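Report on the following structure.
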Protein chains: 2
Amino acid sequence: MTDKDAASIELTAVIVAVTGDEPRVLTIRGGGALPTGVFESGHRSLQTGLRSWVERQTHHPLGYIEQLYTFADRDRMEGGAGGRVISISYLGLTREGRASGEHVPAWESWYRYFPWEDWRSGPSRLVARVILPRLRRWAAEATDAATRRDRARRIRATFGTSEETWNEELVLQRYELLYEAGLVPEAARSGPRAEPELLGRRMAHDHRRILATGVARLRAKIKYRPVVFELMPPSFTLLQLQRAVEALAGRRLHKQNFRRLIDQQGLVEETGEIATATGGRPAKLFRFRREVLLERAVAGTKLPLSRSA
Amino acid sequence: MTDKDAASIELTAVIVAVTGDEPRVLTIRGGGALPTGVFESGHRSLQTGLRSWVERQTHHPLGYIEQLYTFADRDRMEGGAGGRVISISYLGLTREGRASGEHVPAWESWYRYFPWEDWRSGPSRLVARVILPRLRRWAAEATDAATRRDRARRIRATFGTSEETWNEELVLQRYELLYEAGLVPEAARSGPRAEPELLGRRMAHDHRRILATGVARLRAKIKYRPVVFELMPPSFTLLQLQRAVEALAGRRLHKQNFRRLIDQQGLVEETGEIATATGGRPAKLFRFRREVLLERAVAGTKLPLSRSA
DNA sequence: CCGAGAAATGCTCGAACTGAGCATAATGGT
DNA sequence: ACCATTATGCTCAGTTCGAGCATTTCTCGG
């Protein structure tokens with residue numbers, strides 16, 4: 001390779017936990033950035049490089065990890081030193097611990113960065129009162145009629161038109177639409193707006209985009225893989241489990257049906273113990289049946305297979 | 001960044017088409033490698049870099065593209081020149097065209113690389129007669145009892161025990177298991193075996209692993225996104241469509257139910273024309289309703305949502 | 001001790017979806 | 001005209017899914 005084409009590899013982590021019914025993400029610099037570090041020649045693999053960075057910066061051990069996405073078209077060549085930056089991001093799940101370190105690590109609710117993504121108390125008022133009006137203005141101000149129609153369509157596709165059509169997985173598409181419409185601070189060329197954090201707290205570089213990617217991936221994944229359990233304590237009540245899923249999905253679930261779903265899947269077993277007072281009738285405690293991760297690689301088909309010939 | 005930590009970025013493409021009821025992948029060097037190139041400082045983005053490489057090497061235009069995975073722990077530092085290689089892979093879908101170029105591009109059936117993945121004519125005989133016996137021997141030869149049990153479990157989990165438990169999505173896991181068991185040539189330290197290509201043709205570097213990743217991703221994706229249509233001609237019969245899906249999934253589908261599924265989803269519309277003689281009664285021709293890609297971001301939930309409060 | 005409030009659990013019911021397969025309709029070939 | 005082959009329509013029963021009623025068990029304020 002020639003020096004000209006060499007790149008520096010940056011590892012960025014989206015580490016998620018759920019505490020107090022809130023989905024949290026591990027941040028540094030007082031919530032302004034995700035844990036990040038350079039992939040060094042001494043690291044054995046991407047994963048080990050990432051683990052060592054996160055642990056160095058936050059003193060927090062990681063559990064489950066999966067690769068998220070690799071970004072390269074990021075437009076910051078500030079230093080001018082030449083050479084581009086490739087950013088490889090990972091999604092990690094863990095239970096919140098006490099993070100510490102010189103980089104001021106902290107667990108922040110991810111809704112602080114995407115306040116419009118929380119529909120747990122019904123349709124987001126922020127979407128209805130602020131975002132949609134502004135987006136519609138943006139759509140209307142296009143000079144080209146085709147562009148206007150296309151913008152309107154994208155607004156409809158990503159933000160839906162009602163609680164039934166809201167699709168909680170489109171986190172990234174929504175963020176990118178807001179970005180394109182110039183409604184998030186990262187996109188504004190001018191100085192800070194007069195509305196601090198109304199449309200979510202900004203983060204350094206493209207970290208908010210990476211976070212959106214992580215949230216979207218996790219919201220999709222909880223539907224077909226038993227990953228929520230990575231975020232739960234060793235034993236928990238079914239309501240606690242439901243609250244964790246709701247925190248991630250940003251939506252309320254039907255209690256009885258949620259329970260039916262869980263035990264149909266045989267993912268948990270009773271510990272035999274009872275949760276002391278949770279406000280009403282005491283609840284049975286359950287634990288995750290880790291064996292299922294080994295038994296079945298899970299996931300069912302959706303194709304109409306035909307029986308053997 | 002210090003020079004020591006700089007890396008060269010390699011782009012690798014898994015380009016897929018379906019022709020003659022076979023899933024094909026675009027290769028170079030006579031089928032021995034995937035189209036690859038260095039991500040140069042002149043490329044605007046990863047995607048454009050990839051497109052330019054593939055088009056230069058194969059003279060073939062690309063349609064749909066998505067990022068697959070980023071590999072770094074590849075163990076070839078042959079040149080010793082220092083600096084590592086990061087390999088960013090992409091999955092592309094297109095219709096087969098005449099590829100050409102100095103690199104000898106060619107469309108190869110992907111089952112040439114993974115012959116055990118084709119179950120369209122019932123349970124793979126290769127799996128039953130060759131693979132499972134060898135894997136079981138490998139499992140049995142472990143000295144540690146726990147290792148033996150674990151190997152047996154992994155064999156069961158990835159290869160299943162019958163046609164009903166075969167999971168076509170586990171392409172990567174199966175390849176990696178075979179690799180670990182030393183059954184694929186890439187893993188063998190010694191020279192070529194006496195069984196040319198019995199367990200699939202080998203490819204340069206880790207290209208077969210990348211291909212496995214692509215096949216797995218595509219097999220998963222056809223179930224929840226209308227991506228097959230990227231591989232179809234402008235108009236087609238429902239049987240052609242079914243054969244394409246079967247080619248990708250490596251399994252036979254139930255004809256009537258497949259049709260029901262397709263039109264329930266409203267993905268196609270009649271062109272009004274009739275296919276001339278396909279061996280039996282003439283079939284209606286259909287076209288993909290591209291609008292659906294815009295309308296719905298698709299995908300349904302699986303969470304038991306509760307109605308508005 | 002009594003009644004209200006909050007949760008935990010059990011169950012039911014009808015609508016929608018799925019897996020399998022029977023039956024009939026068109027064509028080309030022998 | 002009969003056969004092989006593919007296209008299409010429809011049926012039927014088993015399962016899954018969305019909603020919601022009914023009961024059970026605790027805690028807490030009076």
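The model shown is predicted, which means the values in this text are computed figures rather than measured ones. Chain identifiers are assigned alphabetically (A, B, ...) following the order of the sequence lines, protein sequences preceding nucleic acid strands; residue numbering begins at 1 within each chain.
Taken from CG in B:Leu91 to OG1 in B:Thr213, the straight-line distance is 10.5 Å, to the nearest 0.5 Å.
Across the protein-nucleic acid pair, B:Glu273 atom CD and D:dA7 atom C1' stand 17 Å apart, rounded to whole Å. Atom CG of B:Asp263 is separated from atom C1' of C:dC17 by 14 Å (rounded to the nearest Å). As rounded to whole Å, 13 Å separates atom P of C:dT18 from atom CG of A:Leu305. Distance CG (A:Leu261) to C1' (D:dA19): 15 Å, rounded to an integer number of Å. Atom NZ of B:Lys284 and atom C1' of D:dT6 are 14 Å apart (whole Å). Atom CG in A:Leu241 sits roughly 12 Å away from atom P in C:dA8 (whole-Å rounding). Note: CZ (B:Phe286) to P (D:dA7) measures 11 Å, nearest angstrom. Rounded to whole Å, atom P of D:dC12 lies 16 Å from atom NE2 of B:His254.
Interface remark: the A:Arg260 side chain does form a donor-acceptor pair with the D:dG18 base, using a distance-only criterion of under 3.5 Å.
B:Lys255 comes within contact range of at least one nucleobase, with a heavy-atom separation under 4.0 Å. Within the 4.0 angstrom heavy-atom criterion, only backbone atoms of the sugar-phosphate kind lie near B:Leu239; the bases stay farther away.
Enclosure of atom CZ in A:Arg153 by more than 12 non-hydrogen atoms of other residues, nucleotides or ligands within 6.0 angstrom is indicated. Counted within 6.0 Å of CZ on B:Arg290, heavy atoms from surrounding residues, nucleotides or ligands total more than 12; the atom is thus considered enclosed.
The side-chain contact (heavy atoms from CB on, under 4.5 Å) with B:Val227 is formed by just one residue from the set B:Leu248, B:Leu218, B:Leu293; it is B:Leu218.
Among the nucleotides D:dA7, C:dA7, C:dC11, the one closest to any side-chain atom of A:Arg281 is C:dA7. The listed nucleotides are C:dT18, D:dG9, D:dT25; the one nearest the side chain of B:Gln264 is C:dT18. Among C:dA20, C:dT9, C:dA8, the nucleotide with an atom closest to any side-chain atom of B:Asn257 is C:dA20.
Judged by the 6.0 Å and 45° rule, B:Arg219 forms no cation-pi pair with B:Trp166.
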